[in-house]
Structure formats: C-alpha cells, structure tokens
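Here is the structure we will look at, set down as structure tokens.
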Amino acid sequence: GSGRGATILMDPAFRELTRLTPLDLARAYSEKAAITAFGTTRIFVAGDATASYYGPHLAPRMGWGQALERKLKEGARVRVINLAQPGRSARSFASEGWLDVIGRNIREGDYLFIQFGLSDQRCGNGHALSRRDLSDIANLCAYPGFDPRIPPERSFANTLTRYVKLARENGATPVMLTPVTRINLDPRNSVKGIFPIRKSTHIVQGGSFPGDYSRTVRNVATSSKVPLIDLDARSIDAFNK
C-alpha cells in the first residue's frame, strides 16, 4: 500500500484490486511464477498518470507503461512491472513508499524506467492543485534545473538521481524518459482549426524557480550517463502528425 494511512491491495504485477477488478487467484499464481522466474528480465516503471495502469472498466484509457507490455514479443522472458501512479511527482512517488517497493523487488539484470515532470511542475505558478496535493504539498513540489537557490530536497534533478542510484545499487539499468507532452488547445495557437504543439509544454516561466522540466531530465541523463527516451519530443511529433 501507499502512505497517508491508505491501504491498497494489489496483485503480483502491482495492479490494484477493486470490486471491478477482483483477484483471479489462478492468474495471480501464474503471474507470480513468471515474474519471479530465474532468467526473466523485469522492466519496472516509475512514473505518473501517463504511464500508469487503468482497469478494464476504464478502457480504452491506459498509460504507456500498460501499453508497453502489449508490445513484447510472444514468449519473451520479459515482464513489465508498472508501479506508476496518477498524480505523483518524483518526490511524492518516493515519499509515499512506491520507490521503496521497487527497491525491495528489483534485481540484477532488471530495468527501471523513470518518467516524471508532469506533476512536479504543478506546484505554484497558478496551477490548480487537487485536495490531495494541497494536503501534502511538502512532498509534491520539486523545481527544475540546478539552481543553487533550490534546497537539495526540493531539486527535481537531485530527486531523479535517487532513482538512478537505487537501480544501480541493485544491479539494474536505469532509463530516463522525458514527460509526455500536454495537448495545447489554446485558440490563439490554432491554425485553420488545427492546434500544433510548437515547443515543450513542460517549461515553467513564472514563480520563483522557472525552468524546463524536460531539459532537466535530459541533463540528469547526460550527467549520470543514463540512456534517455525523449517522449516529450516524440509525443509532440506524433500528435502534430
């Protein structure tokens, strides 16, 4: 389960069990055997709503972490362990205990896909926060870049390095991903009814610590010598097409 006094029941692949998605015991035993089998490579996903799992009652809504598993070749000894959670920043994902869950389960030969930035940039700067976010703003906010004014615990860059360190300490390979673009439907941006995305939607221009969250991810990937998948740029290109 996560923090804040809540308890969440999940199956061996860390999908939440609910009244609409009850436990299938036979499937659970089968999945556990496949996930823990020697020689199976696991891809752990740490991220937010754009990556997370959604039950079949919400179809066709799904995160990219959920769709990733469908891209695996039949018979491949690779499993996706998707722990991405809606609304989480790099800080709140860790403070709620999800990063600890990964730390207890990830092993040598695995991969840790790390994608944050969408929720991290929501603090201040006129962004509306949910009641949950307002109740725990201390564990939500992180600021982009390497500005020396930013306390180490508030630095988005420093927070991301925690994930890299955890993966490497367990013999796993960290992979960083920039956040998926937002859809810009500002009428002032329309060209004959089409809304092209001309630049990253993850650049904060107001507030005390303006900066570019996708650039921070790229910088951390470079400085930490971590492979990078630039989903910000790729999703902008995909949506514009």
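- Taking both residues in full, the closest heavy atoms of T161 and S224 are given as CG2-OG, 4.3 Å, listed atom of the first, atom of the second, then distance.
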Can you list the steps and then say if Q115 with M176 is a side-chain contact (heavy atoms from CB on, under 4.5 Å)?
-> CA-CA 6 Å; Q115 184 196 47; M176 304 200 72; over 6 Å; no

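- The backbone N or O of A172 lies less than 3.5 Å from no partner atom in the side chain of N170, so there is not a single donor-acceptor pair.
- Two residues are said to be in side-chain contact when any heavy atoms from C-beta on lie closer than 4.5 Å; V164 and E169 fail this criterion.
- Contact annotation: the side chain of I114 never approaches that of V175 to less than 4.5 Å [non-hydrogen atoms, C-beta and beyond].
- Residues H202 and R182 are in side-chain contact: their nearest non-hydrogen atoms beyond the backbone lie under 4.5 Å apart.
- Residues Y53 and L112 fall into different hydrophobic clusters, defined by Ile, Leu, Val, Met, Phe, Trp and Tyr side chains chained together at heavy-atom separations under 4.5 Å.
- In R218, the CZ atom is crowded: over 12 heavy atoms of neighbouring residues, nucleotides or ligands sit closer than 6.0 Å.
- Distance check, rounded to the nearest 0.5 Å: CD of Q121 to OG of S89 gives 11.5 Å.
- Although no hydrogens or angles enter the test, the distance criterion places no donor-acceptor pair under 3.5 Å between the side chain of Q205 and the main chain of I203.
- Of the residues D232, V204, T201, the one that meets the side-chain contact (heavy atoms from CB on, under 4.5 Å) test with Y213 is V204.
- No more than 12 heavy atoms of other residues, nucleotides or ligands lie within 6.0 Å of CZ in R70, so this atom counts as exposed by the packing criterion.
- Within the 6.0 Å centre-distance limit, the rings of F116 and Y163 are counted as a close aromatic pair.
- Considering every non-hydrogen atom in both S214 and S200, the closest pair reads OG-OG, 3.9 Å.
- No more than 12 heavy atoms of other residues, nucleotides or ligands sit less than 6.0 Å from atom CZ of R162.
- Panel note: side chain S223, backbone V220; a donor-acceptor pair is recorded below 3.5 Å.
- By the criterion of side-chain heavy atoms lying less than 4.5 angstrom apart, applied directly or through intervening Ile, Leu, Val, Met, Phe, Trp or Tyr residues, F93 is not grouped with Y54; the two fall into different hydrophobic clusters.
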Practice task
I would like to know whether L118 and V180 meet side-chain contact (heavy atoms from CB on, under 4.5 Å); could you show each step before the answer?
Solution key: CA-CA 8 Å; L118 199 75; V180 174; over 6 Å; no

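- Cluster annotation: M62 and V80 are assigned to distinct hydrophobic clusters (Ile/Leu/Val/Met/Phe/Trp/Tyr, side-chain heavy-atom contacts under 4.5 Å, transitive).
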- Task: Applying side-chain contact (heavy atoms from CB on, under 4.5 Å), run through L228 and L177 and close with a yes or a no.
- Result: CA-CA 6 Å; L228 172 74; L177 300 91; 5.9 Å; no

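- With S92 contributing its side chain and R88 its backbone, the two residues share no donor-acceptor pair below 3.5 Å.
- With salt bridges taken as basic N to acidic carboxylate O contacts below 4.0 Å, none links E153 and R91.
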Quiz item: Between K241 and D237, does a salt bridge (Lys or Arg N to Asp or Glu O under 4.0 Å) hold up when you go through it step by step?
Solution: CA-CA 6 Å; K241 288 179 179 177; D237 183 57; 3.3 Å; yes

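- Put simply, OG1 on T181 and CD1 on I236 are 4.5 Å apart, with the number rounded to the nearest 0.5 Å.
- The minimum heavy-atom distance between N82 and G65, with the atom names listed, is ND2-C, 3.6 Å.
- Cation-pi check for R154 over Y143 is not met; the charged atom does not lie both under 6.0 angstrom from the ring centroid and within 45 degrees of its normal.
- Between G117 and P179, the closest heavy-atom pair is CA-CG, 4.3 Å.
- Hydrophobic clustering of Ile, Leu, Val, Met, Phe, Trp and Tyr side chains at less than 4.5 Å, counting indirect connections, keeps L58 apart from L83.
- We find that R234 and D230 are not joined by a salt bridge, their nearest charged nitrogen and carboxylate oxygen being 4.0 Å or further apart.
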Under 3.5 Å, which donor-acceptor pairs do the side chains of residues 35-49 form with other protein atoms, sequence neighbours left out?
residue, atom, partner, partner atom, Å
T36, OG1, K32, O, 2.7
T40, OG1, A34, O, 3.2
T40, OG1, A37, O, 3.4
R42, NE, D110, OD1, 3.0
R42, NE, D110, OD2, 3.0
R42, NH1, I35, O, 3.1
R42, NH2, N105, O, 2.8
R42, NH2, D110, OD2, 3.0
D48, OD1, T50, N, 3.1
D48, OD1, T50, OG1, 2.7

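- In this structure, T216 contributes its side chain and D212 its backbone to a donor-acceptor pair below 3.5 Å.
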Worked verdict on L231 versus W64 for side-chain contact (heavy atoms from CB on, under 4.5 Å)
CA-CA 10 Å; L231 273 190; W64 63 258; 4.1 Å; yes

